[in-house]
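Just below is one structure, and these are the notes that go with it.
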Amino acid sequence: MGDLLGVAVLGAGHMGADHIRRLDQVVSGARVAAVADPDRARAEAAVAGLDHVTVHTDPVAALDAPGVAAVLIASPASAHEEALLAAFARRLPVLCEKPMVPDSAGALRIMEAELGAGRRLAQIGFMRRYDTEYRRLKALLDGGRLGRPLMLHCTHRNVSSPADFTSAMLINSSVSHEIDAARWLLGQELTAVTVLRPGPSAGAPGGLLDPQFVLFETERGALVDVEVFVNCGFGYQVRCEAVCEAGSARIGDEHTMVVTTRGGAREEVAQDYLVRFAAAYDREVQAWVDATRRGEVTGPGVWDGYAASAVAEAGVRALETGQRVAVDLAPRPALYAGR
(Lines give C-alpha, C1' and ligand atoms only; values in the text may rest on other atoms or scores of the structure.)
Protein backbone atom coordinates (compact mmCIF):
# COMPACT_ATOMS: atom_id res chain seq x y z
CA MET A 1 0.00 0.00 0.00
CA GLY A 2 2.79 2.40 0.89
CA ASP A 3 4.28 2.28 -2.62
CA LEU A 4 1.02 3.32 -4.27
CA LEU A 5 0.13 6.95 -4.94
CA GLY A 6 -2.67 7.85 -2.52
CA VAL A 7 -5.30 9.93 -4.31
CA ALA A 8 -8.06 12.06 -2.82
CA VAL A 9 -11.03 12.14 -5.22
CA LEU A 10 -13.21 15.23 -4.83
CA GLY A 11 -16.71 14.57 -6.16
CA ALA A 12 -18.48 11.21 -6.28
CA GLY A 13 -21.05 11.92 -8.98
CA HIS A 14 -21.13 10.43 -12.49
CA MET A 15 -17.57 11.45 -13.36
CA GLY A 16 -16.05 11.09 -9.89
CA ALA A 17 -17.49 7.60 -9.36
CA ASP A 18 -16.06 6.51 -12.69
CA HIS A 19 -12.62 7.83 -11.72
CA ILE A 20 -12.84 6.00 -8.38
CA ARG A 21 -13.56 2.79 -10.28
CA ARG A 22 -10.72 3.55 -12.70
CA LEU A 23 -8.16 4.17 -9.94
CA ASP A 24 -9.23 0.98 -8.17
CA GLN A 25 -9.60 -1.39 -11.12
CA VAL A 26 -7.76 -0.04 -14.17
CA VAL A 27 -4.85 2.23 -13.30
CA SER A 28 -1.66 0.83 -11.83
CA GLY A 29 0.49 2.59 -9.24
CA ALA A 30 -2.31 4.39 -7.39
CA ARG A 31 -5.09 3.84 -4.88
CA VAL A 32 -8.05 5.84 -3.63
CA ALA A 33 -7.07 7.17 -0.20
CA ALA A 34 -9.95 9.59 0.43
CA VAL A 35 -13.20 10.72 -1.17
CA ALA A 36 -15.18 13.90 -0.57
CA ASP A 37 -18.72 14.73 -1.66
CA PRO A 38 -21.42 16.91 -0.05
CA ASP A 39 -23.67 13.83 -0.26
CA ARG A 40 -21.97 11.46 2.17
CA ALA A 41 -24.16 8.53 1.18
CA ARG A 42 -23.16 8.97 -2.47
CA ALA A 43 -19.49 9.05 -1.51
CA GLU A 44 -19.84 5.94 0.60
CA ALA A 45 -21.61 4.12 -2.23
CA ALA A 46 -18.82 5.07 -4.67
CA VAL A 47 -16.14 3.47 -2.44
CA ALA A 48 -18.14 0.46 -1.27
CA GLY A 49 -15.80 -2.53 -1.09
CA LEU A 50 -12.60 -0.46 -1.04
CA ASP A 51 -10.31 -0.70 1.96
CA HIS A 52 -8.41 2.09 3.72
CA VAL A 53 -10.50 4.94 2.22
CA THR A 54 -11.75 7.81 4.36
CA VAL A 55 -15.01 9.53 3.40
CA HIS A 56 -15.63 13.26 3.88
CA THR A 57 -18.20 15.92 3.11
CA ASP A 58 -15.53 18.67 3.26
CA PRO A 59 -13.06 18.56 0.34
CA VAL A 60 -10.29 20.26 2.35
CA ALA A 61 -10.56 17.55 5.00
CA ALA A 62 -10.00 14.96 2.28
CA LEU A 63 -6.79 16.71 1.21
CA ASP A 64 -5.49 16.39 4.77
CA ALA A 65 -6.52 12.75 5.16
CA PRO A 66 -3.84 10.13 5.93
CA GLY A 67 -2.04 8.78 2.89
CA VAL A 68 -3.11 11.50 0.45
CA ALA A 69 -0.31 12.51 -1.93
CA ALA A 70 -2.30 13.73 -4.95
CA VAL A 71 -5.77 15.03 -5.81
CA LEU A 72 -8.27 14.25 -8.57
CA ILE A 73 -10.96 16.93 -8.81
CA ALA A 74 -14.25 15.74 -10.31
CA SER A 75 -16.62 18.05 -8.44
CA PRO A 76 -18.82 20.70 -10.17
CA ALA A 77 -16.85 23.48 -11.85
CA SER A 78 -17.99 26.04 -9.29
CA ALA A 79 -16.03 24.15 -6.61
CA HIS A 80 -12.79 23.80 -8.59
CA GLU A 81 -11.11 27.07 -7.67
CA GLU A 82 -11.29 26.50 -3.91
CA ALA A 83 -10.08 22.91 -4.30
CA LEU A 84 -7.19 23.85 -6.61
CA LEU A 85 -6.00 26.64 -4.34
CA ALA A 86 -6.16 24.34 -1.31
CA ALA A 87 -4.19 21.66 -3.16
CA PHE A 88 -1.58 24.18 -4.31
CA ALA A 89 -1.18 25.47 -0.74
CA ARG A 90 -0.28 21.90 0.23
CA ARG A 91 1.94 21.40 -2.86
CA LEU A 92 -0.25 18.48 -3.90
CA PRO A 93 -0.24 17.50 -7.60
CA VAL A 94 -3.70 17.67 -9.17
CA LEU A 95 -5.67 16.24 -12.04
CA CYS A 96 -8.65 18.60 -12.44
CA GLU A 97 -11.58 17.85 -14.69
CA LYS A 98 -12.52 20.51 -17.20
CA PRO A 99 -13.51 23.28 -17.12
CA MET A 100 -10.67 24.23 -14.79
CA VAL A 101 -12.83 27.07 -13.43
CA PRO A 102 -15.97 28.72 -14.86
CA ASP A 103 -14.42 32.07 -15.84
CA SER A 104 -11.17 33.62 -17.00
CA ALA A 105 -10.78 35.77 -13.86
CA GLY A 106 -10.81 32.65 -11.71
CA ALA A 107 -8.42 30.97 -14.14
CA LEU A 108 -5.98 33.85 -13.76
CA ARG A 109 -6.12 33.43 -9.98
CA ILE A 110 -5.30 29.74 -10.39
CA MET A 111 -2.43 30.60 -12.71
CA GLU A 112 -1.07 33.18 -10.25
CA ALA A 113 -1.18 30.62 -7.44
CA GLU A 114 0.65 27.99 -9.50
CA LEU A 115 3.24 30.55 -10.59
CA GLY A 116 3.71 31.40 -6.91
CA ALA A 117 4.51 27.75 -6.27
CA GLY A 118 7.28 28.05 -8.86
CA ARG A 119 6.40 24.86 -10.72
CA ARG A 120 3.53 23.13 -12.45
CA LEU A 121 1.20 21.30 -10.09
CA ALA A 122 -1.99 20.76 -12.11
CA GLN A 123 -2.98 18.78 -15.15
CA ILE A 124 -6.36 19.69 -16.65
CA GLY A 125 -8.68 16.93 -17.85
CA PHE A 126 -8.85 17.53 -21.59
CA MET A 127 -8.94 13.79 -22.24
CA ARG A 128 -9.25 14.01 -26.03
CA ARG A 129 -5.48 14.52 -26.14
CA TYR A 130 -5.28 10.89 -24.95
CA ASP A 131 -7.73 9.45 -27.50
CA THR A 132 -6.11 7.19 -30.11
CA GLU A 133 -7.83 8.85 -33.07
CA TYR A 134 -7.05 12.38 -31.91
CA ARG A 135 -3.43 11.44 -31.31
CA ARG A 136 -3.13 9.96 -34.81
CA LEU A 137 -4.59 13.14 -36.28
CA LYS A 138 -2.21 15.28 -34.22
CA ALA A 139 0.80 13.23 -35.43
CA LEU A 140 -0.38 13.52 -39.03
CA LEU A 141 -0.78 17.28 -38.85
CA ASP A 142 2.55 17.74 -37.04
CA GLY A 143 4.28 15.58 -39.67
CA GLY A 144 3.35 18.07 -42.39
CA ARG A 145 2.36 15.52 -45.03
CA LEU A 146 -1.01 17.20 -45.59
CA GLY A 147 0.45 20.69 -45.69
CA ARG A 148 -0.80 23.71 -43.76
CA PRO A 149 -4.13 23.18 -41.95
CA LEU A 150 -6.82 25.49 -43.32
CA MET A 151 -9.96 24.38 -41.48
CA LEU A 152 -11.22 22.05 -38.79
CA HIS A 153 -14.83 20.87 -39.05
CA CYS A 154 -16.09 19.54 -35.70
CA THR A 155 -19.28 17.86 -34.51
CA HIS A 156 -20.29 17.46 -30.85
CA ARG A 157 -23.64 15.77 -30.17
CA ASN A 158 -25.21 14.47 -26.96
CA VAL A 159 -28.35 12.39 -26.48
CA SER A 160 -29.81 14.92 -24.04
CA SER A 161 -28.70 17.70 -21.73
CA PRO A 162 -29.05 17.79 -17.93
CA ALA A 163 -32.06 19.59 -16.50
CA ASP A 164 -29.98 22.61 -15.40
CA PHE A 165 -28.12 23.01 -18.72
CA THR A 166 -28.09 26.56 -20.12
CA SER A 167 -27.49 27.97 -23.59
CA ALA A 168 -24.12 29.34 -22.45
CA MET A 169 -23.10 25.88 -21.26
CA LEU A 170 -23.22 24.56 -24.83
CA ILE A 171 -20.09 26.67 -25.27
CA ASN A 172 -18.35 26.82 -21.87
CA SER A 173 -19.03 23.18 -20.99
CA SER A 174 -19.54 21.16 -24.19
CA VAL A 175 -17.48 23.11 -26.76
CA SER A 176 -14.65 23.65 -24.25
CA HIS A 177 -13.37 20.25 -25.41
CA GLU A 178 -13.26 21.44 -29.03
CA ILE A 179 -11.56 24.65 -27.92
CA ASP A 180 -8.71 22.71 -26.34
CA ALA A 181 -8.56 20.10 -29.12
CA ALA A 182 -8.31 22.81 -31.79
CA ARG A 183 -5.56 24.67 -29.94
CA TRP A 184 -3.64 21.42 -29.47
CA LEU A 185 -4.15 19.99 -32.97
CA LEU A 186 -3.22 23.23 -34.73
CA GLY A 187 -0.62 24.51 -32.25
CA GLN A 188 -2.31 27.92 -32.39
CA GLU A 189 -4.30 30.13 -30.07
CA LEU A 190 -7.90 30.98 -30.95
CA THR A 191 -8.36 34.71 -31.48
CA ALA A 192 -12.06 35.37 -32.18
CA VAL A 193 -15.47 33.69 -31.92
CA THR A 194 -18.75 33.99 -33.79
CA VAL A 195 -21.87 32.01 -32.81
CA LEU A 196 -24.76 31.36 -35.20
CA ARG A 197 -28.08 30.00 -33.97
CA PRO A 198 -30.46 27.97 -36.10
CA GLY A 199 -34.01 27.62 -34.84
CA PRO A 200 -33.94 25.47 -31.70
CA SER A 201 -34.64 21.78 -32.14
CA ALA A 202 -38.05 20.50 -31.08
CA GLY A 203 -36.16 18.20 -28.71
CA ALA A 204 -34.51 21.08 -26.85
CA PRO A 205 -36.00 22.07 -23.48
CA GLY A 206 -37.88 25.36 -23.53
CA GLY A 207 -35.56 28.34 -23.77
CA LEU A 208 -32.42 26.34 -24.62
CA LEU A 209 -30.68 27.54 -27.78
CA ASP A 210 -29.78 24.11 -29.13
CA PRO A 211 -28.12 23.46 -31.54
CA GLN A 212 -25.50 26.16 -32.11
CA PHE A 213 -22.86 26.71 -34.79
CA VAL A 214 -19.62 28.12 -33.36
CA LEU A 215 -16.88 29.58 -35.57
CA PHE A 216 -13.36 30.20 -34.23
CA GLU A 217 -10.54 32.12 -35.90
CA THR A 218 -6.90 31.30 -35.12
CA GLU A 219 -3.76 33.38 -34.88
CA ARG A 220 -2.38 32.02 -38.18
CA GLY A 221 -5.52 32.22 -40.27
CA ALA A 222 -7.14 28.81 -39.89
CA LEU A 223 -10.87 28.46 -39.21
CA VAL A 224 -12.54 26.02 -36.81
CA ASP A 225 -16.28 25.37 -36.91
CA VAL A 226 -18.22 23.36 -34.33
CA GLU A 227 -21.76 22.05 -34.60
CA VAL A 228 -22.85 21.52 -31.00
CA PHE A 229 -26.20 19.73 -30.51
CA VAL A 230 -26.78 18.53 -26.96
CA ASN A 231 -30.29 17.13 -27.40
CA CYS A 232 -29.95 15.22 -30.65
CA GLY A 233 -31.81 12.26 -29.10
CA PHE A 234 -29.97 9.36 -30.70
CA GLY A 235 -26.39 9.14 -29.44
CA TYR A 236 -23.10 10.70 -28.42
CA GLN A 237 -21.06 11.67 -31.47
CA VAL A 238 -17.74 13.52 -31.68
CA ARG A 239 -16.09 14.02 -35.05
CA CYS A 240 -13.30 16.19 -36.42
CA GLU A 241 -12.08 16.71 -39.97
CA ALA A 242 -8.88 18.60 -40.75
CA VAL A 243 -8.78 20.18 -44.21
CA CYS A 244 -5.25 21.06 -45.27
CA GLU A 245 -3.50 22.40 -48.38
CA ALA A 246 -2.59 18.91 -49.62
CA GLY A 247 -5.34 16.69 -48.24
CA SER A 248 -7.78 16.06 -45.43
CA ALA A 249 -8.22 13.62 -42.54
CA ARG A 250 -11.34 12.76 -40.55
CA ILE A 251 -11.79 11.01 -37.20
CA GLY A 252 -14.81 9.90 -35.20
CA ASP A 253 -16.69 7.74 -37.69
CA GLU A 254 -17.79 5.18 -35.05
CA HIS A 255 -15.90 2.05 -35.99
CA THR A 256 -18.03 0.06 -33.58
CA MET A 257 -19.84 -3.25 -33.53
CA VAL A 258 -22.37 -3.92 -36.30
CA VAL A 259 -25.05 -6.50 -35.40
CA THR A 260 -26.72 -8.24 -38.35
CA THR A 261 -29.98 -10.13 -37.89
CA ARG A 262 -32.81 -11.26 -40.16
CA GLY A 263 -33.95 -8.31 -42.21
CA GLY A 264 -31.22 -5.83 -41.45
CA ALA A 265 -28.16 -4.63 -39.61
CA ARG A 266 -27.69 -2.31 -36.65
CA GLU A 267 -24.60 -0.30 -35.77
CA GLU A 268 -24.04 0.61 -32.14
CA VAL A 269 -23.91 4.32 -31.28
CA ALA A 270 -22.30 5.36 -27.98
CA GLN A 271 -24.76 7.00 -25.60
CA ASP A 272 -22.35 9.10 -23.52
CA TYR A 273 -18.80 10.34 -23.21
CA LEU A 274 -17.76 7.72 -20.65
CA VAL A 275 -18.36 5.08 -23.33
CA ARG A 276 -16.88 6.91 -26.35
CA PHE A 277 -13.77 8.11 -24.48
CA ALA A 278 -13.34 5.31 -21.92
CA ALA A 279 -9.88 4.34 -23.19
CA ALA A 280 -8.82 8.00 -23.36
CA TYR A 281 -9.78 8.52 -19.72
CA ASP A 282 -7.83 5.39 -18.77
CA ARG A 283 -4.70 6.63 -20.58
CA GLU A 284 -5.09 10.14 -19.19
CA VAL A 285 -5.27 9.03 -15.56
CA GLN A 286 -2.50 6.46 -15.99
CA ALA A 287 -0.23 9.09 -17.54
CA TRP A 288 -1.01 11.47 -14.66
CA VAL A 289 -0.25 8.81 -12.04
CA ASP A 290 2.99 7.81 -13.76
CA ALA A 291 4.17 11.43 -14.09
CA THR A 292 3.19 12.25 -10.51
CA ARG A 293 5.16 9.30 -9.16
CA ARG A 294 8.18 10.61 -11.10
CA GLY A 295 7.69 14.06 -9.57
CA GLU A 296 6.57 15.58 -12.89
CA VAL A 297 3.47 17.19 -14.36
CA THR A 298 2.72 16.53 -18.02
CA GLY A 299 -0.26 16.95 -20.31
CA PRO A 300 -2.54 19.99 -20.64
CA GLY A 301 -1.98 22.42 -17.80
CA VAL A 302 -3.19 25.59 -16.15
CA TRP A 303 -2.38 27.75 -19.19
CA ASP A 304 -4.56 25.46 -21.32
CA GLY A 305 -7.34 25.67 -18.74
CA TYR A 306 -7.06 29.47 -18.73
CA ALA A 307 -7.03 29.72 -22.53
CA ALA A 308 -10.11 27.50 -22.77
CA SER A 309 -11.93 29.67 -20.22
CA ALA A 310 -11.00 32.89 -22.02
CA VAL A 311 -12.11 31.56 -25.41
CA ALA A 312 -15.35 30.15 -23.98
CA GLU A 313 -16.04 33.49 -22.27
CA ALA A 314 -15.69 35.25 -25.62
CA GLY A 315 -17.97 32.61 -27.15
CA VAL A 316 -20.69 33.24 -24.59
CA ARG A 317 -20.49 36.99 -25.31
CA ALA A 318 -20.77 36.20 -29.03
CA LEU A 319 -23.84 34.06 -28.33
CA GLU A 320 -25.47 36.81 -26.28
CA THR A 321 -24.68 39.70 -28.63
CA GLY A 322 -24.81 38.03 -32.03
CA GLN A 323 -21.46 39.70 -32.81
CA ARG A 324 -17.96 38.47 -33.56
CA VAL A 325 -15.99 38.73 -30.30
CA ALA A 326 -12.20 38.88 -30.04
CA VAL A 327 -10.47 36.68 -27.45
CA ASP A 328 -8.49 38.61 -24.84
CA LEU A 329 -5.57 36.47 -23.61
CA ALA A 330 -3.09 37.57 -20.95
CA PRO A 331 0.63 37.30 -21.77
CA ARG A 332 1.87 33.74 -21.54
CA PRO A 333 4.21 33.23 -18.56
CA ALA A 334 7.57 31.53 -19.13
CA LEU A 335 6.52 28.57 -16.96
CA TYR A 336 4.07 27.60 -19.69
CA ALA A 337 6.28 28.32 -22.70
CA GLY A 338 6.14 25.70 -25.43
CA ARG A 339 3.06 23.93 -24.03
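Counting begins at 1 with the first residue of the sequence.
- For D103 (side chain) and G106 (main-chain N/O), a donor-acceptor pair under 3.5 Å exists by modelled atom type.
- In terms of heavy-atom proximity, P59 sits nearest to A36 at CA-CB, 3.7 Å.
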Cut-off 3.5 Å, no hydrogens considered: what does the side-chain donor-acceptor table look like for residues 204-212, sequence neighbours left out?
residue: D210; atom: OD1; partner: V230; partner atom: N; Å: 2.9
residue: D210; atom: OD2; partner: V230; partner atom: N; Å: 3.4
residue: D210; atom: OD2; partner: N231; partner atom: N; Å: 3.0
residue: D210; atom: OD2; partner: N231; partner atom: ND2; Å: 3.0
residue: Q212; atom: NE2; partner: S167; partner atom: O; Å: 3.1
residue: Q212; atom: NE2; partner: L209; partner atom: O; Å: 2.9

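- With H80 contributing its side chain and P99 its backbone, the two residues share a donor-acceptor pair below 3.5 Å.
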What donor-acceptor contacts under 3.5 angstrom involve side-chain atoms of residues 311-320, with partners at least two apart or in another chain?
residue: E313; atom: OE1; partner: S104; partner atom: OG; Å: 2.5
residue: E313; atom: OE2; partner: S104; partner atom: N; Å: 3.1
residue: E313; atom: OE2; partner: S104; partner atom: OG; Å: 3.4

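- Considering CG of L92 and CG of L121, their distance stands at 8.5 Å, rounded to 0.5 Å.
- Between E227 and R239 no salt bridge is recorded (no basic side-chain N to carboxylate O distance below 4.0 Å).
- With a 4.5 Å cut-off on side-chain heavy atoms, H153 and R250 do not count as touching.
- Counting only residues at least two apart or on different chains, the salt bridge (Lys or Arg N to Asp or Glu O under 4.0 Å) pairs with a member in residues 11-25 are D18-R21, D18-R22, R22-D282.
- No single ILVMFWY cluster, assembled from side-chain heavy atoms under 4.5 Å apart, contains both L140 and V238.
- Here the side chains of R157 and F234 are in contact, with some heavy-atom distance below 4.5 Å.
- Sorted by first and then second residue, the salt bridge (Lys or Arg N to Asp or Glu O under 4.0 Å) pairs involving residues 69-79 (not counting sequence neighbours) form an empty list.
- Inter-residue side-chain proximity for E133 and D253 is flagged as unmet; no heavy-atom pair is nearer than 4.5 Å.
- The distance from atom OG of S309 to atom CE of M100, rounded to the nearest 0.5 Å, is 5.5 Å.
- Using a 4.0 Å cut-off between a side-chain N of Lys or Arg and a carboxylate O of Asp or Glu, R183 and E189 qualify as a salt bridge.
- Checking side-chain atoms of E114 against main-chain N and O of F88 turns up no donor-acceptor pair under 3.5 Å.
- The aromatic rings of H177 and H156 sit tilted, their planes meeting at an angle between 30° and 60°.
- By the 6.0 Å contact criterion, CG on D328 is open, its count of non-hydrogen atoms from other residues, nucleotides or ligands being 12 or less.
- Residues E44 and V55 come closest through the heavy atom pair CG-CG1, 3.9 Å.
- Interatomic distance, I124 CD1 to D304 CG, rounded to the nearest 0.5 Å: 8.0 Å.
- Within the 4.5 Å cutoff, no side-chain heavy atoms of W288 are placed close to those of V27.
- Applying the ring pair (Phe, Tyr, Trp, His ring centres under 6.0 Å) definition to pairs two or more places apart or across chains, none involves residues 24-43.
- Dense packing is recorded around CZ of R324, with more than 12 heavy atoms of other residues, nucleotides or ligands lying under 6.0 Å away.
- The list of salt bridge (Lys or Arg N to Asp or Glu O under 4.0 Å) pairs with a residue in residues 73-95, not counting sequence neighbours, reads D64-R90, E81-R109.
- Below 30°, between 30° and 60°, or above 60°: for F277 and Y134 the angle between ring planes is between 30° and 60°, a tilted geometry.
- Under a hydrophobic-cluster definition in which Ile, Leu, Val, Met, Phe, Trp and Tyr are linked whenever side-chain heavy atoms come within less than 4.5 Å, directly or via other members, Y130 and L95 are assigned to different clusters.
- Contact check for V302 versus L335: no side-chain heavy atoms found under the 4.5 Å cut-off.
- A 4.5 Å side-chain heavy-atom check between V195 and V193 finds at least one atom pair inside the cut-off.
- In this structure the side chain of V94 reaches within 4.5 angstrom of the side chain of L84, judged on heavy atoms.
- The local environment of CZ in R145 is sparse, with at most 12 non-hydrogen atoms from other residues, nucleotides or ligands closer than 6.0 Å.
- R128 places none of its side-chain heavy atoms less than 4.5 Å from the side chain of W184.
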